[in-house]
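All remarks here apply to the structure that follows.
Here, residue 1 is the first one in the sequence, and each next residue gets the next number.
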Amino acid sequence: MTTTVKVDLVSTEWTEIANGTTFPEVAILMKTIYPICFHVGTEVPAIDTEAFGTLTTYSQGLNLPQLKSGDKLYARALNSPATIAVVK
């Protein structure tokens, strides 16, 4: 079953958005003007990692149609608090 949830993000910690074992297909849509960072991996990245992508209000969102089992999608706000919609 597909569901859409609102997720509030802060810049001081990564939030797990989806687990590929449970939700192999996931999409993120921006809800605020503040940019976010995203990371796909098997564990929570360090807060100071440079291994992340960025989404802004000018992005068309992020669609991951084949998140692998064991992989997780994490997100955090870049600077200011941000809100995203997650479809999984």
side-chain hydrogen bond (donor to acceptor under 3.5 Å, both in side chains) filter on Thr83, not counting sequence neighbours, yields Asp8
Residues joined to Phe23 in its hydrophobic cluster, side chain to side chain under 4.5 Å directly or through other members, sorted by chain and number, are none
Separation between CG (Asn79) and OG (Ser11), nearest 0.5 Å, reads 6.5 Å
task: Please check if the side chain of Thr21 supplies one atom and the backbone of Gly70 the other of a donor-acceptor pair under 3.5 Å.
output: yes
When Val87, Asn19, Val86 are each screened for side-chain contact (heavy atoms from CB on, under 4.5 Å) with Val26, the one that passes is Val86
**Message:** Using a 3.5 Å distance criterion without hydrogens, assess whether the side chain of Thr49 forms a donor-acceptor pair with backbone atoms of Ala51.
**Reply:** yes
Following the transitive rule for hydrophobic clusters with a side-chain heavy-atom cut-off under 4.5 Å over Ile, Leu, Val, Met, Phe, Trp and Tyr, establish whether Val5 and Leu73 coincide in one cluster.
-> yes
In short, Trp14 meets Ile47 closest at the heavy-atom pair NE1-CA, 3.8 Å
On a heavy-atom basis, the closest approach of Asn63 and Ala27 is OD1-CB, 4.1 Å
Test: Arg76 cationic atom under 6.0 Å from Phe52 six-membered ring centre, within 45° of axis: yes
Ile84 and Met30 have their tightest heavy-atom pair at CG2-SD, 4.2 Å
Taking every heavy atom of Phe38 against every heavy atom of Leu62, the minimum-distance pair comes out as CD1-CD2, 3.7 Å
In terms of heavy-atom contacts, Thr4 and Ala85 come closest through CG2-CB, 4.4 Å
Between Ile33 and Thr57 the two heavy atoms that sit nearest each other are CA-CG2, 3.0 Å
| said: Between Thr3 and Lys88, is there a side-chain heavy-atom distance shorter than 4.5 Å? | reply: yes
When you look at Thr42 and Asp71, which way does the side chain to side chain contact (heavy atoms under 4.5 Å, CB included) test go after all the steps?
-> CA-CA 5 Å; Thr42 56; Asp71 281 347; 3.7 Å; yes
Output for pair (Ser59 OG, Ile36 CD1), nearest 0.5 Å, gives 8.5 Å
Distance col, row Lys72:NZ vs Thr15:OG1, nearest 0.5 angstrom, shows 13.5 Å
Distance col, row Tyr74:OH vs Glu43:CD, nearest 0.5 angstrom, shows 7.5 Å
